[in-house]
Amino acid sequence: MDVQIEGGELIVPHSDRLLTVLRGDLSIRNGEIVRVGAEGEVPPDFSPERVDASGCAVMPGLVNAHCHAGMSLLRGYADDLPLMRWLAEEVWPAEAHLTAEHMYWGTALSVLEMLKGGITTYADMYFHVDQVARVTRDLGMRAVLSLGLIGEAPGAEEDLDRSAELAERWSDDPEDMIRIQLGPHAPYTCAPDYLERVAGLAEELGVGIHMHLAETRDEVRDMEGLYGKTPVQHVHDLGLTGLRPFIAAHCVHVTAGEIEILAEQEVGVAHCAISNQKLGSGIAPLAEMIGSGVRVGFGTDGACSTGSQEIWNEMRSGSLVQKGMHCDAEILPAAQMLYSATRGGARAVGFADAGQLVPGARADVIVVGLDSPHMTPQHDILSLLAYSAGREDVRDVYVQGRPAVRDGRLCRGDESEIRNRAAELAADLRKKVREDDG
Ligand SMILES: [Zn+2]
């Protein structure tokens, strides 16, 4: 399939500022960007569908580097609680009732929300991964998926076998839209011997790791008490950080030494600013991590811990809190934030050939309208995208060169059906938890 997106403001890489704006056309063939402005070549038989993007910005798709998509069924279910009470008293009892059907439609709701917000790739850790993969593929999104592994849970050994089967089952996609990783939940839910087995299996399968790490002060205190080490040092010593890609969600409470390990080991850190603030977990050293060369992307975490799965908000919240905390308006400028939301996220989750508008890159591209009141006037388009844009401005979304959203509407699924089925199943889940409570 050939596509030419014409006349837009292209957000392209630039050596000094990381990103810059260039007016021109973007040409796509068979899922790959072949020309950007005057860069690259279109094949002689190029016969594209032409898309008018005048008055719009054309940029790489956003990446959600950490989420639990099926958790959308629990949006608004348990707010204003600290992490461990939130998990133990509210989330885990509800998750015990999640079926394959819940996961299919809950994930569909999140994929719908994410695609319409301009997210083209997400990294997920949750349950019933076959359903997650199936609906993600059906709706035309890219994902890195893992089954959440709780080392102390009954069935932890079987979950390792299930993960291996998933990796086998989903590894033959010629377009490489769905990848499987291993998802040890956290160092406080997986003992060292289990984590070593996870590392061994990941190496054997040639897959990466997705894990929560250094999320709260309590976690750091407990890991130091149990093992005499901080969480990053602990998983590093167990051999996990050497596996690529290693997606570490949160990294809120990390030392300068741990930041060095994260950078050296090319760990992809999913910075979840809103989840960390909403759960009262703390503020990650985002500026220090980016300054030290850590591969940082933004993550929404689950809809139950953030309310909204929107990377525009995550980018803004992540940046503003750092400027305020450091009393320094110059750190994390607009271009840096946009880079982390796109290319940074793609590298963090292991898609090194995505997240930028250059010939040869995967054609994950979004078209963002610049004509609304909050996007007027256009003194600086990078600033508008970083500080003013929202998901309502996303007009078209292409994943692997195929339209997933056009004129703000999902292309490959029925939006009303997804919303209705998800709402019914969320009500069913709530009823089951109430029955448990007697
Ligand atoms: Zn999470």
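Keep in mind the model is a prediction, meaning the values are calculated, not measured. Values below: all heavy atoms of this structure, side chains included; hydrogens, waters and symmetry mates excluded. Ligands are counted one by one from 1 in listed order, and the atoms in each one are counted from 1 as well. Numbering of residues begins at 1 and proceeds along the displayed sequence.
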- Query: Quick check: does any side chain N or O of Asp237 sit under 3.5 Å from a backbone N or O of His234, one acting as donor and the other as acceptor?
  - Reply: no

- For Asp436, look at atom CG and say whether over 12 heavy atoms of other residues, nucleotides or ligands are found less than 6.0 Å away. yes

- Nearby protein N/O/S atoms (those under 2.8 Å) for the Zn ion (ligand 1), with water ignored: His66 NE2, His68 NE2, His212 NE2, Asp301 OD1

- Partner residues of Thr107 under the side-chain hydrogen bond (donor to acceptor under 3.5 Å, both in side chains) criterion, sequence neighbours left out: none

- Task: Validate the cation-pi geometry between Arg179 and Phe351: distance from NZ or CZ to the six-membered ring centre under 6.0 Å, angle to the ring axis within 45°.
- Result: yes

- For Asp353, salt bridge (charged side-chain N to carboxylate O under 4.0 Å, His left out) partners two or more places apart: Arg362

- Partners of Lys323 by salt bridge (charged side-chain N to carboxylate O under 4.0 Å, His left out), sequence neighbours excluded? none

